[in-house]
Amino acid sequence: MSFPLLTATAVLPAIGAIATAAVPAAKRTAAKWLALLFSLATLASAIAVLVRFDPDGDRYQLTESHAWIADFGVRYELGVDGIAVALIALTALLIPFIVLAGWNDADPLETGSKRWRPTQGFFALILAVEAMVILSFEATDVFLFYIFFEAMLIPMYFLIGGFGDRAHEHGEEKAATQRSYAAVKFLLYNLAGGLIMLAAVIGLYVVAGNFSLTEITEARADGSLDMATNTERWLFLGFFFAFAVKAPLWPLHTWLPNAMQESTAPVAVLITAVVDKVGTFAMLRFCLGLFPEASTWATPAILVLAVISIIYGALLAVGQRDIKRLIAYASISHFGFIVMGIFAMTSQGQSGATLYMVNHGISTAVLMLIAGFLISRRGSRLIADFGGVQKVAPVLAGTFLIGGLATLSLPGLAPFVSEFLVLVGTFTRYPVIGVIATFGIVLAALYTLVLYQRTMTGPVKPEVSAMPDLRVREIAVVAPLVVLLVFLGVYPKPVTDVVNPAVEHTMSDVQKKDPQPEVEAAK
């Protein structure tokens, strides 16, 4: 039996979570280093997965399959395609930076405070989320996927509700109330989506007789499994609803701004750069793979929702007073691009959407983490409380600008390539949708540059005049991500080579081919 590399990649952060939580209360620094060590070990394992994966090989590789709940046809089945490998690598890459960025976020408050922020619990919860996200990317048994798709809500709930941002203008009591509200809203929205998905998962088992993704897709392809049209569409809607909540897609997005606003900056990155990617990934793997006819049937409506997300999220970002809420609404707009690329049903669109998941994770991490460093220095999230920061903290302002330019998809930075592919792939099949979506780019330039202008330029406000520049630990967090933004902006081939064969398989699932360009005959 070959070494179970996929299991090891997911088990490492799970063991790390248990070990970190078990560190004695007085050993906070030891807990931090232990969490960082396990996150780096997970990254090494993810790199091993990437190295062993052959883009030109079988669709699902490094597979593992073991009987689990035999009476109900549930198996422990893992396997990765190129899309999953890219997202596992993204997750494993970001977690060490999240741990470093949140190094002091869960330390006790001032001496004599009645409130204790358990450092060990904070980092253990982050590692627990990492383990569940990686297993969600690896699972090829639908029921196994569902378990971890839902289980990750529990540690996320405690991270949002128990470890909120200390920069709050309404005092600790009001802050605790708002954190609880954001955490409960996050949980209720995602549980509602999960319960509807559970009904669809049970329905799928009734129709197919098993939960194996590979067996069901093969049976659909060879005609041995023929779902009734209405049945397939209802099952598709059950799955898609849960994924649209997680993504998040308009109008199921309203939990995200509250959750990101009330979370610490590292937890906000964990939400939008890691956890939310499970929703868009699952649209590709499960919606298109299991329900090809229903996916085609629902495409026009989903594209309309995606375009609304793009424009609506960008418009609301323009009017925000809170830095974190602005970034949250910008992410809603970006997720609209990702969903649009998935359901454009073109290879350029789906390759661009997958690349967008990776690039958005990196660019949002840079922008949100720098915003977190900025907010912690000033003690406020309000844009109006800043001004002239670039004169007193030029390195901080410069990296904030790079993160902002990546968010607006400036050519030369990673998100540009993915956004361009999504728009080209959409325009070739749905030109009107593609044209409308381009207005999101204009609005992105507006909210990003206005944010930079109001916080970093102009006269230096007295409250920021003594603001320190980035420290060594903070530079170590953002510098590698900035380098990666530039590298993938000028040379995205390492990622596209991995994901393109998987996209071809997905296009084959839905029996779609790229539209051929119309060429006028020579006269």
Side-chain angles (χ1 to χ4, degrees), residues 5 8-21 23 28-51 85-107 119-135 137 152 155-156 159 163 263-277 357-373 399 403 414 470-485 487-488 495:
L5 186 56
T9 307
V11 166
L12 274 171
I15 296 173
I18 296 170
T20 302
V23 173
R28 295 192 304 274
T29 301
K32 297 174 185 180
W33 283 105
L34 189 62
L36 181 61
L37 177 64
F38 272 98
S39 68
L40 291 173
T42 305
L43 175 58
S45 184
I47 292 172
V49 171
L50 183 61
V51 169
V85 166
L87 293 176
I88 290 170
L90 170 69
T91 301
L93 172 71
L94 290 180
I95 295 300
F97 296 114
I98 289 173
V99 170
L100 274 176
W103 201 253
N104 300 318
D105 286 355
D107 285 347
T119 305
Q120 289 84 343
F122 179 75
F123 292 105
L125 290 170
I126 289 174
L127 292 175
V129 172
E130 179 182 22
M132 294 174 188
V133 168
I134 289 175
L135 275 169
F137 291 141
M152 71 180 69
M156 285 306 310
L159 284 170
F163 301 91
S263 300
T264 64
V267 173
V269 172
L270 187 65
I271 294 170
T272 192
V274 176
V275 172
D276 287 354
K277 298 300 187 298
M357 292 185 224
V358 175
N359 293 338
H360 172 263
I362 300 170
S363 63
T364 298
V366 172
L367 186 61
M368 179 57 83
L369 293 178
I370 289 292
F373 299 150
T399 51
L470 291 183
R471 302 177 179 90
V472 174
R473 173 179 60 85
E474 295 166 336
I475 292 174
V477 169
V478 297
L481 297 176
V482 169
V483 170
L484 201 55
L485 279 177
F487 176 77
L488 293 179
V495 181

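Owing to the predicted nature of the structure, the values given are computational and were not obtained by experimental measurement.
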Side-chain donor-acceptor distances from residues 362-373 under 3.5 Å, at least two apart:
from	atom 1	to	atom 2	distance (Å)
Ser363	OG	Asn359	O	3.1
Ser363	OG	His360	O	3.3
Thr364	OG1	His360	O	2.9
Thr364	OG1	His360	NE2	3.0

| field | Test item: Pro155 and Met132 side chains (from C-beta on) under 4.5 Å apart, heavy atoms | value | yes

| Any side-chain heavy atom of Leu159 within less than 4.5 Å of one from Thr264? | no

| Step by step, would you call Leu484 with Leu93 a side-chain contact (heavy atoms from CB on, under 4.5 Å)? | CA-CA 11 Å; Leu484 201 55; Leu93 172 71; 3.4 Å; yes

| said: Nearest 0.5 Å, please: how far is CG in Leu43 from CD1 in Ile88? | reply: 12.5 Å

| message | A side-chain contact here means heavy atoms from C-beta on lying under 4.5 Å apart; do Pro480 and Phe97 qualify? | response | yes

| remark: Residues Leu90 and Ala273: closest non-hydrogen pair is CD2-O, 3.8 Å

| message | Within the 4.5 Å heavy-atom criterion, are Trp103 and Leu100 side-chain neighbours or not? | response | yes

| query | Out of curiosity, Ile47 CD1 to Leu50 CG, how far, rounded to the nearest 0.5 Å? | reply | 8.0 Å

| Minimal non-hydrogen separation, Ser263 against Ala268, with atom names | CB-N, 4.0 Å

| Can you find a pair of side-chain heavy atoms, one from Phe123 and one from Leu36, that are under 4.5 Å apart? | no

| remark: Heavy atoms of Ala31 and Thr20 approach each other most closely as O-CG2, 3.7 Å

| query | So which heavy atom on Ala30 is nearest to which on Val23, and how close? | reply | CB-CG1, 4.4 Å

| If you look at every heavy atom in Leu488 and Ala414, which pair is closest and at what distance? | CB-CB, 3.7 Å

| message | Within the structure provided, determine whether Lys32 and Val99 are in side-chain contact (heavy-atom separation under 4.5 Å). | response | no

| Minimal non-hydrogen separation, Thr9 against Thr42, with atom names | O-CG2, 3.5 Å

| request: Please tell me if the side chains of Val274 and Val269 come closer than 4.5 Å, counting only heavy atoms from C-beta onward. | output: no

| query | So, Lys277 side chain and Leu87 main chain: donor-acceptor pair closer than 3.5 Å or not? | reply | no

| If we only count heavy atoms from C-beta on, is the Asn104 to Arg473 side-chain gap below 4.5 Å? | yes

| message | Let me confirm one number: the CD1-CZ distance from Ile126 to Phe38, rounded to the nearest 0.5 Å. | response | 15.5 Å

| query | So Val129 and Leu270, side-chain contact (heavy atoms from CB on, under 4.5 Å) or not? Walk me through it. | reply | CA-CA 9 Å; Val129 172; Leu270 187 65; 4.0 Å; yes

| field | Reported CD1-to-CG distance for the pair Ile95 and Leu40, which is rounded to 0.5 angstrom | value | 11.5 Å

